Protein chains: 2
Amino acid sequence: MNVKIEKLIKQFAKLPRVGTRAATRIVIGLLQDKTGRAESLANALLDASKTIRPCKQCGILTDGALCEYCLDDTRKNGQLCIVRDLSDVLVLEKSGVFHGRYHVLGATLSGVNGVTPEDLNIANISSRIKNEGIKEIIFALPNTVEGKTTQQYIISSIGNYEIEFSELASGVPLGGDLDYIDDGTLTLAFGGRKKL
Amino acid sequence: MNVKIEKLIKQFAKLPRVGTRAATRIVIGLLQDKTGRAESLANALLDASKTIRPCKQCGILTDGALCEYCLDDTRKNGQLCIVRDLSDVLVLEKSGVFHGRYHVLGATLSGVNGVTPEDLNIANISSRIKNEGIKEIIFALPNTVEGKTTQQYIISSIGNYEIEFSELASGVPLGGDLDYIDDGTLTLAFGGRKKL
């Protein structure tokens with residue numbers, strides 16, 4: 001393959017959760033396009049890389065000092081939802097299930113990947129609790145060992161505020177066939193069974 | 001979501017075979033990265049969009065007038081493999097199954113998507129047959145109605161050269177469980193069964 005194309009694919013493929021296959025599709029799609037899409041996308045990306053930064057308060061990517069959620073006072077309802085990254089915010093927003101403020105960690109603690117508390121966006125959680133009158137912190141982190149470890153770390157580091165902590169329920173997804181559900185989820189669903 | 005980020009995701013998501021989910025991952029991955037990956041990737045893409053063009057002979061993307069396959073005289077073995085796009089070339093090269101020259105159409109005929117013969121890179125196939133001494137044309141197009149229609153169109157448009165045409169075999173993939181194979185493939189595999 002042409003060296004330049006190969007390099008581009010490798011650059012895309014290095015992104016988190018993007019494999020070589022998706023990267024190859026994207027690069028070929030871009031370079032085969034005859035309407036100048038590659039150039040306009042490169043310019044948009046260049047512009048974004050210069051202007052988009054994490055919101056100073058919550059960590060959501062934005063081109064202002066504060067993001068749209070932190071600027072929206074109707075969302076100051078005492079609830080703070082802690083998520084790993086922006087894509088989690090998008091999923092929650094799409095569902096319309098949450099109307100409070102967000103806090104984006106940027107990662108979860110991981111011994112294997114060398115992610116330590118210093119790598120997480122957690123320094124200002126305590127000051128947010130005070131300034132925004134947070135009464136409940138809802139953890140919407142990945143349902144993994146890393147997610148749970150991170151959750152425990154944050155709870156223990158927050159100190160003595162009068163605050164409620166909660167996490168998303170574990171269990172069988174809606175429409176989920178029991179055949180296709182892993183043992184861990186089944187165990188959690190069983191343990192958390194509801195009386196009827 | 002921030003308007004700039006939303007726009008970027010939409011631009012990526014418009015690429016062929018890239019959905020909103022992959023596009024979102026890529027954009028967030030790029031913008032969250034702290035090592036300047038977004039900027040360097042944008043610059044690489046900008047450079048590629050200016051220098052990468054289809055090979056004048058076969059249509060493979062390259063930064064020269066001719067691609068590496070067309071420049072390689074050891075590949076002038078009388079075989080020409082017709083594929084839809086560069087990703088098909090990459091798959092075939094990875095398998096090491098083919099050692100001749102390629103011809104990339106860029107698309108397949110499709111009434112639904114409005115792809116007509118004028119949109120295909122086919123004008124120079126006849127001259128390639130003459131100039132490169134092609135004896136066999138192997139169609140490695142998608143095994144779909146569009147692929148078969150395109151194949152028929154090319155065969156009928158090539159005219160009176162003494163040439164062999166072939167297409168990839170249809171059937172059960174290696175390791176393929178019959179349970180998971182669609183009826184169409186099963187019918188083809190049955191019809192094309194081999195005597196032992």
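Here the structure is a predicted model, which means the values were calculated and not measured. Convention: sequence-line order gives letters A, B, ...; per-chain numbering from 1.
In terms of non-hydrogen atom pairs under 4.5 Å with chain B, the most contact-rich of A/Asp33, A/Ile5, A/Val104, A/Val3 is A/Ile5. No other option in B/Val89, B/Asn43, B/Thr24 has as many heavy-atom pairs under 4.5 Å with chain A as B/Asn43.
No more than 12 heavy atoms of other residues, nucleotides or ligands shown are found within 6.0 angstrom of CG on A/Asp183. The number of heavy-atom neighbours closer than 6.0 Å to NZ of B/Lys135, taken from other residues, nucleotides and ligands shown, is 12 or below. More than 12 heavy atoms of other residues, nucleotides or ligands sit less than 6.0 Å from atom NZ of A/Lys148.
Scored by the side-chain contact (heavy atoms from CB on, under 4.5 Å) test, A/Leu168 finds A/Ile138, A/Ala140 as partners (sequence neighbours excluded).
In the hydrophobic cluster analysis, where Ile, Leu, Val, Met, Phe, Trp and Tyr join through side-chain heavy atoms closer than 4.5 angstrom, B/Leu188 is grouped apart from B/Leu186. A/Ile82 and A/Val145 fall into different hydrophobic clusters, where Ile, Leu, Val, Met, Phe, Trp and Tyr side chains are chained together by heavy-atom contacts under 4.5 Å. Taken together through direct or relayed side-chain contacts under 4.5 Å among Ile, Leu, Val, Met, Phe, Trp and Tyr, B/Val91 and B/Val97 form parts of separate hydrophobic clusters.
Taken to the nearest 0.5 Å, the CG atom of A/Leu30 stands 9.5 Å off from the CD atom of B/Gln11. Considering CD1 of B/Ile9 and CG of A/Leu90, their distance stands at 6.0 Å, rounded to 0.5 Å. Considering CG of B/Leu31 and CG of A/Asp85, their distance stands at 12.0 Å, rounded to 0.5 Å. Distance check: A/Ser40 OG to B/Lys7 NZ gives 10.5 Å after rounding to the nearest 0.5 Å. B/Leu41 contributes atom CG, which lies 9.5 Å from atom CG of A/Leu41 (distance to the nearest 0.5 angstrom).
The heavy-atom pair separating A/Leu8 from B/Ala44 by the smallest distance is CD2-CB, 4.0 Å.
Scanning residues 46-74 of chain A against chain B with a 4.5 Å heavy-atom cutoff picks out A/Leu46, A/Asp47, A/Ala48, A/Ser49, A/Lys50, A/Thr51, A/Ile52, A/Leu61, A/Thr62, A/Asp63, A/Glu68, A/Tyr69, ordered by number.
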